[in-house]
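Take a look at the structure set out below.
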Amino acid sequence: MSLIHHIRPPDGGPSQGKAPAALLLHGWSGDERSMAVFETAFPPGWWLIRPRGPFPLPGGGYAWFPLHGDGTPDLEAARESLGQLLRLLDELAGRHPIDPHRWMAVGFSQGGAMAAALALRAPERIAALAVFSGFFLPLPDLEAPASLAGRRAFIAHGLRDPLVPVEQSRRLCQRLQALGAETTCLEYPGGHKVDAGTWRAFRAWLTAITPSPGSSNRGQG
């Protein structure tokens with residue numbers, strides 16, 4: 001069964017051809033409504049999809065994977081969610097005029113970990129990546145992915161994040177850079193949230209990489 005999701009067609013998008021699309025992935029205890037604010041950062045021309053994590057939590061909301069008793073991710077559950085997200089990409093590209101090679105994966109916290117996993121698992125589909133307060137999921141088959149040359153990444157993390165240490169994003173930045181991705185790594189004096197300066201930087205980065213109307217350049221996000 002396909003993941004429950006909210007989809008928004010492009011506003012004033014390309015008049016012909018296929019458009020880029022962004023997958024907006026919520027964090028722990030969120031749902032398909034949680035990433036709605038991120039839609040406001042996108043210029044016209046994007047399909048915007050907000051899926052719901054498949055694991056309901058006892059206290060409400062959803063997760064992309066539960067945690068073990070020691071707080072470590074359930075990697076088998078994460079692998080299951082990753083497979084569901086990849087199937088969703090195929091389904092949406094089959095139903096809508098979405099360029100299957102120009103997806104952007106955007107995620108916050110646990111959703112950021114899933115966004116990075118998508119980019120590493122399927123670099124032929126994910127043209128750009130944005131991770132906020134995220135981390136790297138140590139899935140064995142992500143240890144030696146293909147090159148990310150030509151892909152772009154925006155990684156942001158608060159220096160005083162009490163939930164996900166900033167070192168997690170630093171390691172993710174190093175991994176992406178080593179694989180050839182054009183990576184913007186931003187740290188800010190905040191906690192487990194996105195501050196105003198980071199939001200402005202993300203909007204500027206996003207505007208810079210958004211393809212012009214009708215463009216089919218697969219190297220663009």
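The heavy-atom pair separating L159 from E187 by the smallest distance is CD2-OE1, 3.2 Å. Between L86 and A122 the shortest heavy-atom distance is CD2-CB, 3.8 Å. When all heavy atoms of L206 and T210 are compared, the pair lying nearest together is O-OG1, 2.7 Å. Between S169 and H157, the shortest heavy-atom contact is OG-ND1, 2.6 Å. Looking at every heavy atom in both residues, W46 comes nearest to A22 through CE3-N, 3.9 Å. The two residues E32 and H26 make their nearest non-hydrogen contact at N-CD2, 4.3 Å.
Remark: the backbone N or O of I126 is not paired with any side-chain donor or acceptor of H101 at under 3.5 angstrom. The backbone N or O of L48 sits nowhere less than 3.5 Å from a side-chain atom of H6 that would complete a donor-acceptor pair. With hydrogens and angles ignored, the 3.5 Å screen pairs no side-chain donor or acceptor of T198 with any backbone N or O of V194. In this structure, the side chain of Q110 engages the main chain of W64 through a donor-acceptor pair within 3.5 Å. In this structure a side-chain-to-backbone donor-acceptor pair under 3.5 Å is present from S34 to D31. Checking side-chain atoms of S109 against main-chain N and O of G111 turns up no donor-acceptor pair under 3.5 Å.
Distance OG/S81 to CD/E76: 11.5 Å, rounded to 0.5 Å. The line from CG of L148 to OG1 of T183 is 8.0 Å long, rounded to the nearest 0.5 Å. Going from atom CG of L24 over to atom CE of M35 covers 5.5 Å, rounded to the nearest 0.5 Å. Note that CD of Q168 and CG of D161 are 9.5 Å apart. Values are rounded to the nearest 0.5 Å. Distance check: L67 CG to T72 OG1 gives 7.5 Å after rounding to the nearest 0.5 Å. In this structure, the separation between CZ on R95 and CG on L92 is 5.0 Å, given to the nearest 0.5 Å.
Contact annotation: the side chain of Y188 never approaches that of R160 to less than 4.5 Å [non-hydrogen atoms, C-beta and beyond]. For the pair R121 and R79, the minimum side-chain heavy-atom distance is below 4.5 Å. The side-chain heavy atoms of R50 and E39, taken from C-beta on, include a pair separated by under 4.5 Å. Looking only at side-chain heavy atoms (C-beta outward), F65 and L75 stay at 4.5 Å or farther from each other. Using a 4.5 Å heavy-atom cutoff, the side chains of W199 and T40 are in contact. In this structure, M104 and L23 have side chains that are not in contact, with every pair of non-hydrogen atoms separated by 4.5 Å or more. Considering only heavy atoms from C-beta on, R8 stays 4.5 Å or farther from W47 through its side chain. No side-chain heavy atom of P51 sits under 4.5 Å from any side-chain heavy atom of I4.
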Decide yes or no on side chain to side chain contact (heavy atoms under 4.5 Å, CB included) for D11 and F42, but give the supporting numbers first.
CA-CA 10 Å; D11 292 328; F42 283 78; over 6 Å; no

Side chain to side chain contact (heavy atoms under 4.5 Å, CB included) evaluation trace for C185 with Q177:
CA-CA 10 Å; C185 300; Q177 289 168 344; 3.8 Å; yes

Stepwise, does the side chain to side chain contact (heavy atoms under 4.5 Å, CB included) test hold for W103 with I98?
CA-CA 8 Å; W103 282 97; I98 290 172; 3.9 Å; yes

Pair I209, R152 - check side chain to side chain contact (heavy atoms under 4.5 Å, CB included), show working.
CA-CA 8 Å; I209 72 166; R152 295 183 172 100; 3.3 Å; yes

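In this structure, M114 is a member of the same hydrophobic cluster as L3, with clusters built from ILVMFWY side-chain heavy atoms closer than 4.5 Å. Two different hydrophobic clusters hold F55 and L139 under the rule that ILVMFWY side chains link at heavy-atom gaps under 4.5 Å. A single hydrophobic cluster is not seen to contain both V166 and I155; linkage of ILVMFWY side chains at heavy-atom distances under 4.5 Å, directly or through other members, places them apart. In the hydrophobic clustering of ILVMFWY residues, with side-chain heavy atoms under 4.5 Å counting as a link, L85 and Y62 come out apart.
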Pairs of donor and acceptor atoms involving the side chains of residues 127-137, under 3.5 Å and at least two apart or interchain, shall be tabulated with distances.
none

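Under the 4.0 Å criterion applied to side-chain N and carboxylate O atoms, R151 and E182 are not assigned as salt-bridge partners. R125 and D99 are not joined by a salt bridge, as no carboxylate oxygen comes within less than 4.0 angstrom of a charged side-chain nitrogen.
Here the two rings, on F202 and F154, have centers that are under 6.0 Å apart.
Counting heavy-atom neighbours within 6.0 Å of R170 CZ, excluding the residue itself, gives a total above 12.
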